[in-house]
Amino acid sequence: MRGAMEPEPEPELLLQEAREKVEAAQSYRRELGQRLQGLREAQRQIKESASLTRDVLRQHFSDLKGTLGKLLDERLVTLLQEVDTIEQETVKPLDDCQKLIEHGVHTAEDLVREGEITILGGMEQQNEKLWNFTKKASHIQLDSLPEVPLLVDVPCLSAQLDDSILNIVKDHIFKHGTVASRPPVQIEELIEKPGGIIVRWCKVDDDFTAQDYRLQFRKCTSNHFEDVYVGSETEFIVLHIDPNVDYQFRVCARGDGRQEWSPWSVPQTGHSTLVPHEWTPGFEGYSLSSRRNIALRNDSESSGVLYCSAPTYFFETVGQPDRRDSIGVCAEKQSGYDSLQRDRAVCISTNGAVFVNGKEMTNQLPAVTSGSTVTFDIEAVTLGTTNNNEGGNFKLRVTISSSNREVVFDWLLDQSCGSLYFGCSFSYPGWKV
């Protein structure tokens, strides 16, 4: 109801004001409609361009999947997420604006409908309704229009893709791999050692320049090769070989400046009949490693000769010298001796002196120092009866090598022996054999 103090407006004025409000509402509705249309075009542009971009991305990555696989799939997901993110972040404000405009449209339509009904009612009994309508319309901001962005101001998604990557990948694929009539390297020699095998290989293709080699081995009962060496050397000793077990070896090479490996060589089969070197455990004067292949002279006062547990042919020694020290080969294990400088044994002292059956020879080798390697090569020369003046009926040809020097002599035994043993004795701690 109107307030008691408010003057009653002229009907003609109310009618004119109502008409003006209707026209304003109609204009407002038209403006909102145009903005709504622009908003829909902006939304359609985002969605269609996003859809087109997805299609282009899928097609592009589909063409590359065969060569790039998983990496392209991951990249595609990332880009699609970027499209989704841009679409969601830019469409949301437009969606909010759309809701506001649609609300304004409904408000304007209701106002137009109410105003038309009021106007058609006539002036005699509609003054109150006209007054209420115009008052209601005055509280609606019919001149407030939301801002709708221009198309140039909203995202228009596209995929920036460089198709030249296909040519780059194809170029690498076409150059990848070669057909060779034979591998450029072959295994040349397998040499058995106690508990190991020395593998030697050589290059058989004169036109191939090798940068690195790769050696693999396996037991003949296994289905899988495993790497044992990668480097520039052409020889390697494979350790931890079980005696009397066949192993297969193969080698390949990598050309200078290349990343890929050459074809594998023809596998070669080899085995070692020599058991791994082990020192006899339980001797107080020496501490043994877990595999018993390294003996360390400790500070125990016990003295004597440490023998290997079985016949073997190669060992290394390091330590400090003493006159009674001995490293050598004997025909049998004998207790009660503090050195191999005795009968039925040949040895070298750490000062380089050579002893045969307890007697020092005139020839002498260099003194044994840290990192020295002493090798004993022994072969049977004569079996059976010999000249009595020589004092024996079993002759062995012995070659002792140390520091690039060697001595050769005949070792006479009064009886044949079925096996030979390495032995060592040291007076002071610190020796490692």
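As a basis for the values below, the full set of heavy atoms in this structure was taken, side chains included, without hydrogen atoms, waters or symmetry mates.
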Is the backbone of N351 close enough, under 3.5 Å, to the side chain of Q364 for a donor and an acceptor to pair up by distance? yes

Please check if the side chain of S27 supplies one atom and the backbone of E23 the other of a donor-acceptor pair under 3.5 Å. no

Check: P429 and N298 side chains under 4.5 Å, non-hydrogen atoms: no

Is it true that S158 and Q160 share a donor-acceptor pair across their side chains at a distance under 3.5 Å? yes

Can you tell me how far the CZ atom of R40 sits from the CG atom of L36, to the nearest 0.5 Å? 3.5 Å

Could you pull out all residues at least two apart from I198 that satisfy side chain to side chain contact (heavy atoms under 4.5 Å, CB included)? I191, K193, R200, E235, I237

Step by step, work out the side-chain contact (heavy atoms from CB on, under 4.5 Å) result for D377 and V398. CA-CA 6 Å; D377 291 321; V398 180; over 6 Å; no

Do you know which of W201, Y213, Y229 makes ring pair (Phe, Tyr, Trp, His ring centres under 6.0 Å) with F236? Y229

Y247 side chain near I241 side chain, heavy-atom distance below 4.5 Å: yes

Measure from the side-chain N and O atoms of E192 to the backbone N and O of T273, and report whether any donor-acceptor pair falls under 3.5 Å. yes

Are K99 and D95 within salt-bridge range, i.e. N to O under 4.0 Å? no

Here the gap from Y28 atom OH to T107 atom OG1, rounded to the nearest 0.5 Å, amounts to 7.5 Å

F355 vs L340, side-chain contact (heavy atoms from CB on, under 4.5 Å): CA-CA, chis, key distance, verdict: CA-CA 8 Å; F355 292 84; L340 282 176; over 6 Å; no

Atom of S425, atom of R324 and distance for their closest heavy-atom approach: OG-O, 3.8 Å

Going by an N to O cut-off under 4.0 Å, is there a salt bridge joining D246 and K219? no

With salt bridge (Lys or Arg N to Asp or Glu O under 4.0 Å) as the criterion, how do R254 and E260 come out once you've worked through the C-alpha distance, each side chain's angles and the decisive distance to 0.1 Å? CA-CA 6 Å; R254 181 162 49 198; E260 69 277 7; over 6 Å; no

Side-chain ion pair, R218 and E226, N-O less than 4.0 Å: no

Would you say the side-chain atoms of S326 pair up with the backbone N or O of S339, donor to acceptor, closer than 3.5 Å? no

Distance-only, no hydrogens or angles: does the K203 side chain make a donor-acceptor pair with backbone N or O of F208 under 3.5 Å? yes

With the threshold set at 4.0 Å, does a side-chain nitrogen-carboxylate oxygen contact exist between R35 and E31? yes

If I take atom CZ from residue F426 and atom OH from residue Y286, how far apart are they, to the nearest 0.5 angstrom? 5.5 Å

Hey, mind stepping through V112 and Q26 against side-chain contact (heavy atoms from CB on, under 4.5 Å) and telling me if it holds? CA-CA 7 Å; V112 169; Q26 291 174 336; 4.2 Å; yes

If you apply the rule side chain to side chain donor-acceptor pair (under 3.5 Å), what do you find for W411 with N357, and how did you get there? CA-CA 8 Å; W411 180 20; N357 289 336; 3.0 Å; yes

Provide the closest heavy-atom pair for L94 versus V154 in the form atom of the first, atom of the second, distance. CD1-CG1, 4.5 Å

So how far is it from I101 CD1 to D96 CG, rounded to the nearest 0.5 Å? 11.5 Å

Heavy-atom closest pair, residues F409 and I400: CE2-CD1, 3.8 Å

Looking only at heavy atoms, which two atoms of Q186 and V266 are closest? And how far apart? OE1-N, 3.1 Å

Ring-face cation of R342 near Y337 (centre distance under 6.0 Å, axis angle within 45°): yes

